[in-house]
**Student:** 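Before I ask anything, here is the structure I am working with.
Scope of the values below: all heavy atoms of this structure, side chains included, with no hydrogens, waters or symmetry mates. Sequence lines set the chain letters: A, B, ... in the order given, protein chains first and strands last, and positions in each chain run from 1. In this text the structure is predicted, and so the values were computed from the model without any measurement.
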Amino acid sequence: MHLSNTPAPMTPYQYFAREIVAALRSLQAAGQLPNDLDFSAITAEPPRDPAHGDISTNAAMVLAKAARNSPKAIADVLLQRLLKDKYVADGSVAGPGFINLKLKPELWQEHLRECLVKGDKYGDSDIGGKRLINVEYVSANPTGPLHVAHARGAIVGDVLANLLEKVGYKVQREYYVNDGGVQVDIFARSVFLRYLEDLGLELSTFPDEFYPGEYVRDIARNIRRNIGGLWWQIDWLEWSDPEHKKLYDQFKLVPPTVSDMRSLDRRLGYKREPGQHPSLRNVSVQLDGRPVPVGYGEWSWLPYFAYHAVKLMLVQIRRDLKQLRIGKQKFVSERQIIVTGKVQKAFNALDQKGLIYQGRLDPPKGQRPDDWEDREQTLFRSSQFGDDVDRPLKKSDGSWTYFANDIAYHYDKYRRGYKDMINVWGADHGGYVKRMKAAVGAMTEQKGDLDVKLCQLVRVLKGGELVRMSKRAGTFITLRDLLNEVGPDVLRFTMLTRKNDAPFDFDIDKATEQSRDNPVWYVQYAHARTNSVMRQAAETRISTSKLDEAALNRLVDAGEISLIRLVAQWPRQVEAAALAHEPHRIAFYLGDLAAAFHAHWTRGREEPNLRFVIADNPDLTRARLALVQGIHFVLRSGLNVFGVTPIEEMT
RNA sequence: GCGCCCGUAGCUCAACUGGAUAGAGCAUCUGACUACGAAUCAGAAGGCUAGGAGUUCGAAUCUCUUCGGGCGCGCCA
């Protein structure tokens, strides 16, 4: 009998969740329970202790109060109904009022068949109902390469997106490019100075607050060599001064045309300001034996360097992400949000709701900045929506704050149809969560929902030692380094063996070790082992095809049934992990399934009649192969959700 | 000073979102390879879930409080 022909094409847990409610309804009809009861909190779950049975429900305890009866009494009558179910072998009331059901093996056997029929699609569902959901992750500044912390966020976000797709959401993956703020300008100035160095000029100094990494030189070189149309500027008037024409000739530099500059200005939203930026005040180069200050007329070169430096950086970032197997993100530019007037639009929307005002903020207690200046500013009433204080939307120079831009970005997401939004951020942005949620709530009249997953710090251990990282010194472990050391499979899986809000020590040695300690290998090994069983069967000339037609009622051993039980939990694990936005749960489940499979395998060593392949008993073997294939499908789809290659054979 | 996250076996971490006697792995001790792959498995030991108070049938989980750690606190992102 095929389960697909029965009225129960679902997991035993889903089946009984329904049966329990049906039984309760019939008790209501019979007048044994009141009619106005809320069944929503009732569960049908595997009991914590398998000795208690197959299915456990809390129904009696949940209903006791409203039904004005003792949990025990309700459990007794409910149990009598449930015992009539064709799949229930036995049942009992335990503890404070749990009902434990022991099921007939047929239900598990038939469910395994269901799993085999669905194959890789087993575990998929449509609880998302094709609803749109937006998952934003990585969103690192385009001012440096991705490093370990970004890797964690990238993986958590990507796998969460996979999970949501698996349960029927329409997922949009996004990367918000923070190319709109002063950090990009500092980055552009850093590249500019390295660019001068690359021309063979010696800088008097390289300011502390500039970006120190080697990669900045690479980008400067790349700009000089590959982009063309370059120039450098000692004084903003200089390129029209015939006195210095020879310098342009010497370095083969080409000054920009006015229309070049204007189009970049428009594109990037820069205002033209003459003079030299204060951070460049002490920087000069030796020219004709005298020090010449650099960086004047920033408006003429800064947009150009900012534009190309960010572009080159993003090429690198995308390449790294691709190597990490993350490639489906839509990149949204903060600068474009500003330039296209979307910030103003979002601002107006808040203003119309009366949520903008001019006011003063108290300086933070205990850590008053030295340069605190009490001033009137443009504030958003975020405190009306759960934030601690109101937040400024404009800087003192009149430009938008990062928060204002981010509000506009989220407003834009919402207007594009995403009521449900998830952001994956580093823990250092924790202080930002309340105000962003407040903004989303305010802009969407509470119709939009934002969940922020904060990823705690990642430390890297190598040879038992902590690898020191310093952003100031420009020494941090890049994503690229990690990928070269451990590869995407290990990195992706390992990053999900902890929940996102727990700090993570990533031990490179252990992650590459092939042993029980290493969950990646452990699960991979189990998957490869399912294949090796199939190969073994093929050698004994037992057919491994159409296993869903095998005589599954031959699976009666307790170990076999409990393996099916574990397989049958896959759909609810996927569902729970997706709804809770907690991809790490899948890692633990896969580890459990792998462990149970390895354990059962080893039992066959002492009890040969339990081995999967019994050469002279094709029917029994095919039934057991069906079980192996079910495990194979679940392990494979689990690894697929993680974006980890299910290896076919251990080498 | 305020806010957020966290505190679970010696160590690294789970615990199906309020369920039963809080579970794994490592390390420690005791066992299992003439092999469907021992890259594995079985067993033992290990706990006042940081401390205290509360909420209810029931708390690691929710509330309050103390202690300890991390992150953050206008014109960085």
**Student:** Would A/R498 and A/F504 count as a cation-pi pair here, with the cationic atom under 6.0 angstrom from the ring centre and within 45° of the axis?
**Tutor:**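 Cation-pi check for A/R498 and A/F504: passes.
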
**Student:** On RNA chain B, compare the nucleotides closest to A/Q573 and A/D501; which residue's is nearer the 5' end?
**Tutor:** A/D501

**Student:** Under the criterion side-chain hydrogen bond (donor to acceptor under 3.5 Å, both in side chains), which of A/K453, A/E174, A/H410, A/K437 is the partner of A/N423?
**Tutor:**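 The passing option is A/H410.
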
**Student:** So which nucleotide does B/A27 pair with, by the Watson-Crick or G-U wobble rule with both distances under 3.5 Å?
**Tutor:**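 The answer is none; no pair meets the criterion.
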
**Student:** Both distances under 3.5 Å, Watson-Crick or G-U wobble: report the partner of B/U63, or none.
**Tutor:**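 WC or wobble partner is B/A53.
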
**Student:** List the steps, then state whether salt bridge (charged side-chain N to carboxylate O under 4.0 Å, His left out) holds for A/K499 with A/E582.
**Tutor:** CA-CA 7 Å; A/K499 50 183 176 208; A/E582 289 183 355; over 6 Å; no

**Student:** Parallel, tilted or perpendicular: which one describes the rings of A/H429 and A/W425, with boundaries at 30° and 60°?
**Tutor:** tilted

**Student:** Please give the nucleotide sitting opposite B/G3 as a Watson-Crick or G-U wobble pair, both distances under 3.5 Å, or none.
**Tutor:** B/C71

**Student:** Of the nucleotides B/C5, B/G74, B/C4, which has the atom closest to the A/K434 side chain?
**Tutor:**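 Minimum distance to the A/K434 side chain belongs to B/C4.
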
**Student:** Once hydrogens and angles are ignored, does a donor-acceptor distance under 3.5 Å link the base of B/A39 to the side chain of A/N518?
**Tutor:** no

**Student:** When you check the phosphate oxygens OP1 and OP2 of B/A77, does a side-chain N or O of A/K395 lie under 4.0 Å from one of them?
**Tutor:** yes

**Student:** Apply side chain to side chain contact (heavy atoms under 4.5 Å, CB included) to A/N141 and A/F187, showing your working.
**Tutor:** CA-CA 10 Å; A/N141 291 355; A/F187 182 50; over 6 Å; no

**Student:** Can you tell me the Watson-Crick or wobble partner of B/C33, both distances under 3.5 angstrom?
**Tutor:** none

**Student:** How would you label the contact of A/E373 with the nucleic acid (heavy atoms, under 4.0 Å): base, sugar-phosphate, or nothing?
**Tutor:** base

**Student:** Both conditions, 6.0 Å and 45 degrees, for the charged tip of A/K394 above the ring of A/W400: are they met here?
**Tutor:** yes

**Student:** Side-chain donor or acceptor of A/R498 under 3.5 Å from a matching atom on the base of B/C13?
**Tutor:**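 There is none.
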
**Student:** Just to be sure I understand the rule, does A/P96 reach a base, reach only the sugar-phosphate, or reach nothing, if contact means heavy atoms closer than 4.0 Å?
**Tutor:** base

**Student:** Do A/R603 side-chain and B/U40 base share a donor-acceptor contact under 3.5 Å?
**Tutor:** no

**Student:** May I ask you to say what A/P608 touches in the nucleic acid, namely base, sugar-phosphate or nothing, with a heavy-atom cut-off under 4.0 Å?
**Tutor:** nothing

**Student:** Identify, between A/D388 and A/L457, the residue whose nearest nucleotide on RNA chain B lies closer to the 5' end.
**Tutor:**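 That would be A/D388.
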
**Student:** So A/A427, base contact, sugar-phosphate only, or nothing? Heavy-atom distance under 4.0 Å.
**Tutor:** sugar-phosphate

**Student:** Is the shortest side-chain N/O distance from A/K65 to OP1 or OP2 of B/C57 below 4.0 Å?
**Tutor:** yes

**Student:** Keeping A/Q524 on the side-chain end and A/I647 on the backbone end, is there a donor-acceptor pair under 3.5 Å?
**Tutor:** yes

**Student:** Once you round it to whole Å, what is the distance between P of B/C71 and NE2 of A/H429?
**Tutor:** 14 Å

**Student:** Between P on B/C41 and CD on A/E607, what's the gap in Å once rounded to a whole number?
**Tutor:** 17 Å

**Student:** Does a nitrogen or oxygen in the side chain of A/K499 sit under 4.0 Å from OP1 or OP2 of B/C6?
**Tutor:**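 Indeed not, no polar side-chain atom of A/K499 lies that close.
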
**Student:** Testing A/F331, A/Y137, A/Y409 for ring pair (Phe, Tyr, Trp, His ring centres under 6.0 Å) with A/Y175, which one passes?
**Tutor:** A/F331

**Student:** So A/Y432, base contact, sugar-phosphate only, or nothing? Heavy-atom distance under 4.0 Å.
**Tutor:**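 Contact class for A/Y432: base.
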
**Student:** Taking only heavy atoms on the protein side, list every residue of residues 49-58 of chain A lying under 4.0 Å from any atom of RNA chain B, sorted numerically.
**Tutor:** A/S56, A/N58

**Student:** Treating primed atoms plus P, OP1 and OP2 as sugar-phosphate and everything else as base, which nucleotides of nucleotides 23-38 of chain B get B, S or - for protein heavy atoms under 4.0 Å?
**Tutor:** --SS-----S--SBBB

**Student:** Checking all strands, does A/E582 fall into the base, sugar-phosphate, or nothing category for heavy-atom contacts under 4.0 angstrom?
**Tutor:** base

**Student:** Going by the rule side-chain contact (heavy atoms from CB on, under 4.5 Å), which residues pair with A/S190 if we only count those two or more places apart in sequence or in a different chain?
**Tutor:** A/I186, A/F206, A/F210, A/Y211, A/V216

**Student:** Using a 3.5 Å distance criterion without hydrogens, assess whether the side chain of A/D179 forms a donor-acceptor pair with backbone atoms of A/S333.
**Tutor:**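 No, the answer is negative, given that no donor and acceptor are paired below the 3.5 Å cut-off.
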
